[in-house]
There are 2 protein chains.
Amino acid sequence: MSYEFDHLRTALRKARVSFGLSQRELSGISGVQQAQISKFENGAVDLRLSSLVALFRALELELELVPRTCLPAVQSIIRTTSPKSTISRKLSARGKIAVDHVMQGLTQLDQTAKQVQYLQELIRFFERIRIPADQTKNYTRWVKYLERLHAMPIDAEKFEALLKRTEALRNQIERSQSPRSQGLSEKPAYSLDEEDGHV
Amino acid sequence: MSYEFDHLRTALRKARVSFGLSQRELSGISGVQQAQISKFENGAVDLRLSSLVALFRALELELELVPRTCLPAVQSIIRTTSPKSTISRKLSARGKIAVDHVMQGLTQLDQTAKQVQYLQELIRFFERIRIPADQTKNYTRWVKYLERLHAMPIDAEKFEALLKRTEALRNQIERSQSPRSQGLSEKPAYSLDEEDGHV
DNA sequence: TTTTTTGACATACAATACTATATCAATGAC
DNA sequence: GTCATTGATATAGTATTGTATGTCAAAAAA
(Lines give C-alpha, C1' and ligand atoms only; values in the text may rest on other atoms or scores of the structure.)
Protein backbone atom coordinates (compact mmCIF):
# COMPACT_ATOMS: atom_id res chain seq x y z
CA MET A 1 0.00 0.00 0.00
CA SER A 2 2.85 2.33 0.80
CA TYR A 3 2.93 4.97 -1.90
CA GLU A 4 6.10 6.83 -2.54
CA PHE A 5 6.60 8.89 0.51
CA ASP A 6 8.23 6.55 2.97
CA HIS A 7 10.49 9.50 2.88
CA LEU A 8 8.04 11.69 4.78
CA ARG A 9 6.76 8.86 6.94
CA THR A 10 10.13 8.05 8.39
CA ALA A 11 11.02 11.73 8.68
CA LEU A 12 7.95 12.29 10.81
CA ARG A 13 8.75 9.51 13.20
CA LYS A 14 12.36 10.57 13.44
CA ALA A 15 11.43 14.17 14.13
CA ARG A 16 8.82 13.21 16.68
CA VAL A 17 11.20 10.99 18.58
CA SER A 18 13.98 13.54 18.49
CA PHE A 19 11.52 15.99 19.99
CA GLY A 20 10.94 13.54 22.80
CA LEU A 21 7.23 13.42 22.01
CA SER A 22 4.95 10.40 22.18
CA GLN A 23 2.29 9.93 19.52
CA ARG A 24 -0.32 11.01 22.03
CA GLU A 25 1.58 14.17 22.87
CA LEU A 26 2.11 15.06 19.24
CA SER A 27 -1.58 14.40 18.76
CA GLY A 28 -2.37 16.92 21.47
CA ILE A 29 -0.13 19.56 19.96
CA SER A 30 -1.05 19.05 16.32
CA GLY A 31 -4.69 18.14 16.69
CA VAL A 32 -4.25 15.01 14.60
CA GLN A 33 -5.59 11.83 16.18
CA GLN A 34 -3.05 9.50 17.69
CA ALA A 35 -4.50 6.64 15.67
CA GLN A 36 -3.84 8.58 12.48
CA ILE A 37 -0.28 9.29 13.49
CA SER A 38 0.33 5.64 14.17
CA LYS A 39 -1.19 4.64 10.85
CA PHE A 40 0.77 7.24 8.94
CA GLU A 41 4.07 6.27 10.51
CA ASN A 42 3.31 2.72 9.44
CA GLY A 43 2.27 3.67 5.93
CA ALA A 44 -1.32 2.58 6.44
CA VAL A 45 -2.96 5.87 5.61
CA ASP A 46 -2.82 8.47 2.86
CA LEU A 47 -3.08 11.63 4.94
CA ARG A 48 -4.61 14.82 3.70
CA LEU A 49 -2.46 17.85 3.28
CA SER A 50 -4.05 19.67 6.20
CA SER A 51 -3.20 16.86 8.59
CA LEU A 52 0.31 16.61 7.27
CA VAL A 53 0.94 20.29 7.62
CA ALA A 54 -0.45 20.28 11.14
CA LEU A 55 1.88 17.47 12.12
CA PHE A 56 4.95 18.96 10.54
CA ARG A 57 4.29 22.44 11.86
CA ALA A 58 4.13 21.02 15.36
CA LEU A 59 7.59 19.61 14.79
CA GLU A 60 9.04 22.84 13.42
CA LEU A 61 9.24 21.37 9.95
CA GLU A 62 8.06 22.92 6.73
CA LEU A 63 6.90 21.16 3.59
CA GLU A 64 8.93 22.77 0.88
CA LEU A 65 8.68 22.28 -2.85
CA VAL A 66 12.05 21.85 -4.45
CA PRO A 67 12.84 21.46 -8.15
CA ARG A 68 14.43 18.11 -8.80
CA THR A 69 17.48 19.88 -10.20
CA CYS A 70 18.42 21.37 -6.86
CA LEU A 71 17.35 18.42 -4.74
CA PRO A 72 20.89 17.26 -3.92
CA ALA A 73 21.95 20.75 -2.90
CA VAL A 74 18.93 21.16 -0.67
CA GLN A 75 19.35 17.78 0.96
CA SER A 76 22.95 18.59 1.62
CA ILE A 77 21.97 21.86 3.26
CA ILE A 78 19.48 20.05 5.46
CA ARG A 79 21.99 17.43 6.46
CA THR A 80 24.70 19.89 7.36
CA THR A 81 22.79 22.76 8.92
CA SER A 82 19.88 21.05 10.59
CA PRO A 83 20.15 20.88 14.35
CA LYS A 84 22.35 17.91 15.15
CA SER A 85 21.59 16.11 18.35
CA THR A 86 19.73 18.90 20.04
CA ILE A 87 16.41 19.14 21.73
CA SER A 88 13.73 21.23 20.13
CA ARG A 89 12.71 24.71 21.03
CA LYS A 90 9.24 23.30 21.51
CA LEU A 91 10.30 20.97 24.27
CA SER A 92 12.59 23.60 25.73
CA ALA A 93 9.68 25.97 25.97
CA ARG A 94 7.56 23.37 27.71
CA GLY A 95 10.41 22.66 30.06
CA LYS A 96 10.84 26.34 30.74
CA ILE A 97 7.25 26.69 31.84
CA ALA A 98 7.56 23.83 34.25
CA VAL A 99 10.85 25.16 35.49
CA ASP A 100 9.37 28.59 36.07
CA HIS A 101 6.62 27.06 38.14
CA VAL A 102 8.99 25.13 40.33
CA MET A 103 11.38 28.05 40.65
CA GLN A 104 8.56 30.16 42.04
CA GLY A 105 7.66 27.44 44.47
CA LEU A 106 11.27 27.20 45.62
CA THR A 107 11.46 30.83 46.71
CA GLN A 108 8.75 30.08 49.25
CA LEU A 109 10.61 27.10 50.61
CA ASP A 110 12.30 27.05 54.00
CA GLN A 111 15.25 24.89 52.98
CA THR A 112 18.60 26.45 53.55
CA ALA A 113 19.04 29.14 50.95
CA LYS A 114 22.22 27.47 49.84
CA GLN A 115 20.47 24.26 48.79
CA VAL A 116 17.75 26.11 46.97
CA GLN A 117 20.33 28.15 45.14
CA TYR A 118 22.16 25.00 44.15
CA LEU A 119 19.00 23.50 42.67
CA GLN A 120 18.33 26.70 40.79
CA GLU A 121 21.80 26.56 39.35
CA LEU A 122 21.27 23.00 38.20
CA ILE A 123 18.02 23.93 36.54
CA ARG A 124 19.51 26.96 34.85
CA PHE A 125 22.18 24.66 33.53
CA PHE A 126 19.57 22.77 31.52
CA GLU A 127 18.25 26.01 30.11
CA ARG A 128 21.68 27.10 29.05
CA ILE A 129 22.83 24.00 27.20
CA ARG A 130 21.46 21.97 24.36
CA ILE A 131 20.37 18.56 25.51
CA PRO A 132 22.12 15.74 23.58
CA ALA A 133 19.80 13.68 21.44
CA ASP A 134 20.31 10.53 23.46
CA GLN A 135 19.27 12.38 26.60
CA THR A 136 16.02 13.86 25.35
CA LYS A 137 14.07 10.97 26.79
CA ASN A 138 15.57 11.47 30.21
CA TYR A 139 15.05 15.19 29.97
CA THR A 140 11.43 14.71 28.98
CA ARG A 141 10.85 12.50 31.95
CA TRP A 142 12.41 15.06 34.21
CA VAL A 143 10.17 17.76 32.79
CA LYS A 144 7.15 15.58 33.42
CA TYR A 145 8.36 15.03 36.94
CA LEU A 146 8.51 18.78 37.39
CA GLU A 147 5.01 19.17 36.03
CA ARG A 148 3.65 16.60 38.44
CA LEU A 149 5.54 18.20 41.29
CA HIS A 150 4.11 21.54 40.48
CA ALA A 151 0.63 20.27 41.13
CA MET A 152 1.37 19.55 44.80
CA PRO A 153 2.90 21.46 47.65
CA ILE A 154 6.63 20.93 47.88
CA ASP A 155 7.80 19.81 51.30
CA ALA A 156 11.28 18.96 52.49
CA GLU A 157 11.04 15.37 51.30
CA LYS A 158 9.91 16.32 47.81
CA PHE A 159 12.60 18.91 47.60
CA GLU A 160 15.21 16.33 48.53
CA ALA A 161 13.96 13.98 45.80
CA LEU A 162 13.86 16.71 43.21
CA LEU A 163 17.39 17.77 44.02
CA LYS A 164 18.64 14.22 43.76
CA ARG A 165 16.88 13.55 40.48
CA THR A 166 18.01 16.80 38.96
CA GLU A 167 21.58 16.19 39.96
CA ALA A 168 21.41 12.74 38.39
CA LEU A 169 20.15 14.16 35.11
CA ARG A 170 22.90 16.75 35.09
CA ASN A 171 25.48 14.02 35.54
CA GLN A 172 24.00 11.89 32.77
CA ILE A 173 23.95 14.81 30.39
CA GLU A 174 27.51 15.76 31.17
CA ARG A 175 28.68 12.22 30.68
CA SER A 176 26.87 12.04 27.36
CA GLN A 177 27.84 15.48 26.20
CA SER A 178 31.61 15.21 26.61
CA PRO A 179 32.62 11.85 25.16
CA ARG A 180 36.09 13.17 24.47
CA SER A 181 35.94 16.93 24.90
CA GLN A 182 37.17 18.56 28.08
CA GLY A 183 35.50 16.76 30.93
CA LEU A 184 34.72 19.97 32.79
CA SER A 185 32.08 19.47 35.38
CA GLU A 186 31.68 22.88 36.96
CA LYS A 187 30.04 25.63 34.92
CA PRO A 188 31.78 24.67 31.71
CA ALA A 189 31.83 26.88 28.63
CA TYR A 190 29.16 24.94 26.86
CA SER A 191 27.97 26.04 23.51
CA LEU A 192 25.34 28.58 24.36
CA ASP A 193 21.82 28.60 23.11
CA GLU A 194 21.80 30.34 19.77
CA GLU A 195 18.06 30.95 19.79
CA ASP A 196 17.61 30.59 16.03
CA GLY A 197 17.63 32.71 12.89
CA HIS A 198 21.13 31.65 11.99
CA VAL A 199 21.68 31.01 8.31
CA MET B 1 -11.55 27.49 4.13
CA SER B 2 -8.06 27.83 2.81
CA TYR B 3 -5.77 26.00 5.18
CA GLU B 4 -2.17 26.99 5.36
CA PHE B 5 -0.74 25.85 2.10
CA ASP B 6 -1.56 28.64 -0.27
CA HIS B 7 2.13 28.22 -0.62
CA LEU B 8 1.80 24.90 -2.39
CA ARG B 9 -1.36 25.86 -4.24
CA THR B 10 0.21 28.80 -5.96
CA ALA B 11 3.43 26.90 -6.54
CA LEU B 12 1.53 24.20 -8.38
CA ARG B 13 -0.19 26.64 -10.68
CA LYS B 14 3.01 28.52 -11.32
CA ALA B 15 4.92 25.35 -12.10
CA ARG B 16 2.18 23.98 -14.32
CA VAL B 17 1.97 27.18 -16.32
CA SER B 18 5.72 27.48 -16.66
CA PHE B 19 5.65 23.96 -18.05
CA GLY B 20 3.14 25.13 -20.59
CA LEU B 21 0.66 22.50 -19.46
CA SER B 22 -3.10 22.86 -19.23
CA GLN B 23 -4.95 21.34 -16.29
CA ARG B 24 -6.20 18.60 -18.57
CA GLU B 25 -2.69 17.81 -19.77
CA LEU B 26 -1.32 17.73 -16.26
CA SER B 27 -4.21 15.50 -15.36
CA GLY B 28 -3.21 13.10 -18.09
CA ILE B 29 0.38 13.00 -16.95
CA SER B 30 -0.21 12.82 -13.22
CA GLY B 31 -3.39 10.77 -13.15
CA VAL B 32 -5.13 13.32 -10.98
CA GLN B 33 -8.53 14.48 -12.25
CA GLN B 34 -8.66 17.86 -13.93
CA ALA B 35 -11.50 18.85 -11.60
CA GLN B 36 -9.32 18.11 -8.61
CA ILE B 37 -6.49 20.18 -10.00
CA SER B 38 -8.80 23.11 -10.56
CA LYS B 39 -10.20 22.81 -7.05
CA PHE B 40 -6.78 22.54 -5.49
CA GLU B 41 -5.41 25.53 -7.33
CA ASN B 42 -8.38 27.47 -5.98
CA GLY B 43 -8.02 26.16 -2.45
CA ALA B 44 -11.30 24.28 -2.59
CA VAL B 45 -9.96 20.85 -1.76
CA ASP B 46 -7.68 19.28 0.84
CA LEU B 47 -5.75 16.85 -1.36
CA ARG B 48 -4.33 13.62 -0.11
CA LEU B 49 -0.60 13.19 -0.05
CA SER B 50 -0.64 10.66 -2.88
CA SER B 51 -2.39 13.12 -5.20
CA LEU B 52 -0.06 15.91 -4.24
CA VAL B 53 3.02 13.83 -4.86
CA ALA B 54 1.68 12.66 -8.19
CA LEU B 55 1.07 16.23 -9.30
CA PHE B 56 4.40 17.57 -8.18
CA ARG B 57 6.35 14.62 -9.53
CA ALA B 58 4.83 15.28 -12.93
CA LEU B 59 6.25 18.77 -12.68
CA GLU B 60 9.72 17.64 -11.68
CA LEU B 61 9.20 18.89 -8.16
CA GLU B 62 9.79 17.05 -4.93
CA LEU B 63 8.09 17.57 -1.59
CA GLU B 64 10.89 17.97 0.88
CA LEU B 65 10.71 18.29 4.66
CA VAL B 66 12.96 21.03 5.92
CA PRO B 67 13.59 22.06 9.52
CA ARG B 68 12.47 25.61 10.08
CA THR B 69 16.00 26.52 11.12
CA CYS B 70 17.41 25.91 7.68
CA LEU B 71 14.42 27.20 5.77
CA PRO B 72 16.09 30.44 4.66
CA ALA B 73 19.15 28.62 3.40
CA VAL B 74 17.06 26.14 1.46
CA GLN B 75 14.88 28.80 -0.07
CA SER B 76 17.96 30.70 -1.09
CA ILE B 77 19.35 27.62 -2.79
CA ILE B 78 16.11 27.09 -4.65
CA ARG B 79 15.98 30.69 -5.78
CA THR B 80 19.54 30.76 -7.05
CA THR B 81 19.92 27.32 -8.61
CA SER B 82 16.45 26.54 -9.87
CA PRO B 83 15.94 26.96 -13.60
CA LYS B 84 15.05 30.60 -14.13
CA SER B 85 12.67 31.46 -16.90
CA THR B 86 13.10 28.24 -18.85
CA ILE B 87 10.77 25.79 -20.41
CA SER B 88 10.54 22.36 -18.91
CA ARG B 89 12.32 19.28 -20.07
CA LYS B 90 8.88 17.74 -20.43
CA LEU B 91 7.75 20.29 -22.95
CA SER B 92 11.08 20.31 -24.69
CA ALA B 93 10.81 16.60 -25.23
CA ARG B 94 7.32 16.92 -26.59
CA GLY B 95 8.45 19.68 -28.86
CA LYS B 96 11.37 17.63 -30.02
CA ILE B 97 9.14 14.79 -31.14
CA ALA B 98 6.97 17.12 -33.17
CA VAL B 99 10.02 18.79 -34.63
CA ASP B 100 11.49 15.46 -35.65
CA HIS B 101 8.30 14.58 -37.45
CA VAL B 102 8.23 17.79 -39.39
CA MET B 103 11.93 17.66 -40.15
CA GLN B 104 11.44 14.25 -41.73
CA GLY B 105 8.56 15.58 -43.79
CA LEU B 106 10.65 18.51 -44.96
CA THR B 107 13.31 16.33 -46.53
CA GLN B 108 10.66 15.01 -48.88
CA LEU B 109 9.58 18.47 -49.88
CA ASP B 110 10.33 20.02 -53.26
CA GLN B 111 10.83 23.55 -52.03
CA THR B 112 14.16 25.04 -52.84
CA ALA B 113 16.72 23.39 -50.62
CA LYS B 114 17.72 26.78 -49.35
CA GLN B 115 14.30 27.53 -47.88
CA VAL B 116 14.05 24.15 -46.25
CA GLN B 117 17.47 24.58 -44.73
CA TYR B 118 16.47 27.96 -43.34
CA LEU B 119 13.43 26.47 -41.65
CA GLN B 120 15.54 23.73 -40.20
CA GLU B 121 17.90 26.30 -38.79
CA LEU B 122 15.05 28.17 -37.18
CA ILE B 123 13.75 25.01 -35.61
CA ARG B 124 17.15 24.00 -34.35
CA PHE B 125 17.40 27.42 -32.78
CA PHE B 126 14.49 26.57 -30.49
CA GLU B 127 16.15 23.34 -29.48
CA ARG B 128 19.37 25.10 -28.64
CA ILE B 129 18.06 27.88 -26.42
CA ARG B 130 15.93 27.97 -23.33
CA ILE B 131 12.57 29.54 -24.00
CA PRO B 132 11.91 32.55 -21.76
CA ALA B 133 9.07 32.09 -19.32
CA ASP B 134 6.86 34.70 -20.94
CA GLN B 135 7.17 32.92 -24.28
CA THR B 136 6.24 29.42 -23.16
CA LYS B 137 2.65 29.99 -24.14
CA ASN B 138 3.64 31.02 -27.64
CA TYR B 139 6.05 28.15 -27.87
CA THR B 140 3.43 25.69 -26.73
CA ARG B 141 1.07 26.93 -29.40
CA TRP B 142 3.75 26.56 -32.01
CA VAL B 143 4.42 23.00 -30.89
CA LYS B 144 0.73 22.21 -31.15
CA TYR B 145 0.72 23.75 -34.58
CA LEU B 146 3.53 21.42 -35.53
CA GLU B 147 1.65 18.46 -34.14
CA ARG B 148 -1.42 19.31 -36.17
CA LEU B 149 0.70 19.88 -39.22
CA HIS B 150 2.27 16.53 -38.80
CA ALA B 151 -1.05 14.83 -39.22
CA MET B 152 -1.47 16.09 -42.78
CA PRO B 153 0.65 16.18 -45.92
CA ILE B 154 2.72 19.34 -46.17
CA ASP B 155 2.29 21.17 -49.45
CA ALA B 156 3.86 24.43 -50.59
CA GLU B 157 1.18 26.54 -48.95
CA LYS B 158 1.51 24.84 -45.61
CA PHE B 159 5.25 25.11 -45.81
CA GLU B 160 4.97 28.84 -46.42
CA ALA B 161 2.70 29.28 -43.40
CA LEU B 162 4.95 27.19 -41.19
CA LEU B 163 7.98 29.18 -42.20
CA LYS B 164 6.23 32.45 -41.50
CA ARG B 165 4.91 31.34 -38.14
CA THR B 166 8.24 29.91 -37.08
CA GLU B 167 10.06 33.06 -38.04
CA ALA B 168 7.57 35.10 -36.04
CA LEU B 169 8.14 32.98 -32.96
CA ARG B 170 11.89 33.32 -33.33
CA ASN B 171 11.55 37.09 -33.46
CA GLN B 172 9.30 37.20 -30.43
CA ILE B 173 11.66 35.06 -28.44
CA GLU B 174 14.65 37.14 -29.38
CA ARG B 175 12.87 40.33 -28.47
CA SER B 176 11.89 38.85 -25.13
CA GLN B 177 15.23 37.22 -24.46
CA SER B 178 17.46 40.26 -24.87
CA PRO B 179 15.77 43.11 -23.11
CA ARG B 180 19.10 44.85 -22.69
CA SER B 181 21.74 42.25 -23.53
CA GLN B 182 23.47 42.21 -26.86
CA GLY B 183 20.79 42.43 -29.50
CA LEU B 184 22.44 39.83 -31.69
CA SER B 185 20.03 38.39 -34.19
CA GLU B 186 22.10 35.92 -36.17
CA LYS B 187 23.20 32.73 -34.48
CA PRO B 188 23.99 34.42 -31.21
CA ALA B 189 26.01 32.79 -28.44
CA TYR B 190 22.97 31.96 -26.40
CA SER B 191 23.30 30.10 -23.17
CA LEU B 192 23.36 26.53 -24.28
CA ASP B 193 21.13 23.82 -22.98
CA GLU B 194 22.70 22.50 -19.84
CA GLU B 195 20.61 19.36 -19.72
CA ASP B 196 20.47 19.07 -15.92
CA GLY B 197 22.33 17.45 -13.06
CA HIS B 198 24.20 20.58 -12.20
CA VAL B 199 24.52 21.18 -8.47
C1' DT C 1 4.57 -5.80 42.11
C1' DT C 2 1.50 -2.31 40.73
C1' DT C 3 0.60 1.55 37.92
C1' DT C 4 1.45 4.42 33.85
C1' DT C 5 2.86 5.17 29.43
C1' DT C 6 3.31 3.92 24.83
C1' DG C 7 2.21 2.37 20.29
C1' DA C 8 -0.76 -0.47 17.54
C1' DC C 9 -5.20 -1.59 16.51
C1' DA C 10 -10.58 -1.79 16.36
C1' DT C 11 -15.14 0.02 15.51
C1' DA C 12 -18.83 3.10 14.16
C1' DC C 13 -20.26 7.32 12.17
C1' DA C 14 -19.49 11.70 9.84
C1' DA C 15 -17.01 14.26 6.45
C1' DT C 16 -14.73 14.58 2.31
C1' DA C 17 -11.69 13.24 -1.40
C1' DC C 18 -11.79 10.60 -5.58
C1' DT C 19 -13.89 8.99 -10.00
C1' DA C 20 -16.30 9.53 -14.14
C1' DT C 21 -18.65 12.46 -16.80
C1' DA C 22 -20.71 16.50 -18.33
C1' DT C 23 -21.65 21.43 -18.93
C1' DC C 24 -20.54 26.23 -19.64
C1' DA C 25 -18.44 30.79 -20.51
C1' DA C 26 -14.37 32.87 -22.08
C1' DT C 27 -10.62 32.91 -24.96
C1' DG C 28 -8.15 32.31 -28.97
C1' DA C 29 -7.11 29.84 -33.51
C1' DC C 30 -8.56 29.44 -38.16
C1' DG D 1 -18.27 33.20 -37.68
C1' DT D 2 -16.96 28.53 -36.37
C1' DC D 3 -14.50 25.41 -33.80
C1' DA D 4 -11.28 23.84 -30.22
C1' DT D 5 -9.20 24.74 -25.83
C1' DT D 6 -9.19 26.09 -21.23
C1' DG D 7 -10.56 26.52 -16.52
C1' DA D 8 -14.30 26.32 -13.41
C1' DT D 9 -18.34 23.75 -11.80
C1' DA D 10 -21.81 20.16 -11.14
C1' DT D 11 -23.64 15.60 -10.04
C1' DA D 12 -23.78 10.93 -8.40
C1' DG D 13 -21.69 7.04 -6.55
C1' DT D 14 -17.56 5.02 -4.23
C1' DA D 15 -13.63 4.86 -1.26
C1' DT D 16 -11.02 6.67 2.30
C1' DT D 17 -9.91 9.80 5.77
C1' DG D 18 -11.13 12.02 10.10
C1' DT D 19 -13.22 11.66 14.71
C1' DA D 20 -14.31 9.81 19.04
C1' DT D 21 -13.48 6.00 21.88
C1' DG D 22 -11.83 2.06 23.57
C1' DT D 23 -8.76 -2.10 24.07
C1' DC D 24 -4.50 -4.44 24.58
C1' DA D 25 0.32 -6.00 25.30
C1' DA D 26 4.81 -4.51 26.18
C1' DA D 27 7.86 -1.44 28.30
C1' DA D 28 8.95 1.70 31.77
C1' DA D 29 8.20 4.06 36.14
C1' DA D 30 6.66 3.99 40.84
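Proteins get letters first, then strands, A, B, ... in listed order; numbering begins at 1 in each.
- Residue A:Glu25 contributes atom CD, which lies 10 Å from atom C1' of C:dT5 at whole-angstrom precision.
- Scanning both residues, B:Leu63 and A:His7, for their nearest heavy atoms gives O-CE1, 3.7 Å.
- Distances shown here put every side-chain N or O of B:Asn42 at or beyond 4.0 Å from the OP1 or OP2 atom of D:dG7.
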Exercise. Run the side chain to side chain contact (heavy atoms under 4.5 Å, CB included) check on B:Leu12 and B:Glu41 step by step: do they pass?
Worked result: CA-CA 7 Å; B:Leu12 176 72; B:Glu41 286 187 349; 4.0 Å; yes

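- Not one side-chain nitrogen or oxygen of A:Arg13 sits closer than 4.0 Å to the OP1 or OP2 atom of C:dG7.
- Here the nucleotide nearest the side chain of B:Asp46, chosen from C:dC30, C:dG7, C:dA17, is C:dA17.
- Residues that satisfy the side-chain hydrogen bond (donor to acceptor under 3.5 Å, both in side chains) test with A:Gln34, not counting sequence neighbours, are A:Gln23.
- By the salt bridge (Lys or Arg N to Asp or Glu O under 4.0 Å) test, B:Glu64 pairs with no residue at all, sequence neighbours left out.
- Listed pair A:Arg48 / D:dT16 fails the phosphate criterion, with no side-chain N or O lying under 4.0 Å from OP1 or OP2.
- A:Thr166 is linked by a side-chain hydrogen bond (donor to acceptor under 3.5 Å, both in side chains) to A:Trp142, counting only residues two or more places apart in sequence or in another chain.
- Look at CG on B:Leu55: it is 13 Å from C1' on C:dC18, rounded to the nearest Å.
- With rounding to the nearest 0.5 Å, the separation of CD1 in A:Ile123 from CZ in A:Arg170 is 12.5 Å.
- Atom P of nucleotide C:dC18 and atom CG of B:Leu49 are separated by 11 Å, given to the nearest angstrom.
- Residue contacts for A:Leu47: at a heavy-atom cut-off of 4.0 Å it reaches the sugar-phosphate backbone alone, with no base atom in range.
- Residues passing the salt bridge (Lys or Arg N to Asp or Glu O under 4.0 Å) test with B:Arg57, sequence neighbours excluded: A:Glu4, B:Glu62.
- Looking at every heavy atom in both residues, A:Phe40 comes nearest to A:Arg9 through O-CD, 3.1 Å.
- To the nearest angstrom, C1' of D:dG7 lies 16 Å from CZ of B:Phe40.
- Comparing the start and finish of the helix from C:dT1-D:dA30 to C:dC30-D:dG1, five pairs each, the helix axis swings through 50°, to the nearest 10 degrees.
- Separating the CH2 atom of B:Trp142 from the C1' atom of C:dA29 is a distance of 17 Å, rounded to the nearest angstrom.
- Among D:dG18, D:dA8, D:dT17, the nucleotide with an atom closest to any side-chain atom of B:Glu41 is D:dA8.
- The side chain of A:Ser22 places no N or O atom within less than 4.0 Å of a non-bridging phosphate oxygen (OP1 or OP2) of C:dT5.
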Exercise. Could you run down nucleotides 19-26 of chain C 5' to 3' and tag each one B, S or - for protein heavy-atom contact under 4.0 Å?
Worked result: BBB-----

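- The separation between A:Leu21 atom CG and C:dT5 atom P is 15 Å, rounded to whole Å.
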For this session: List the steps, then state whether side chain to side chain contact (heavy atoms under 4.5 Å, CB included) holds for B:Ser50 with A:Phe5.
Result: CA-CA 8 Å; B:Ser50 57; A:Phe5 34 80; 4.3 Å; yes

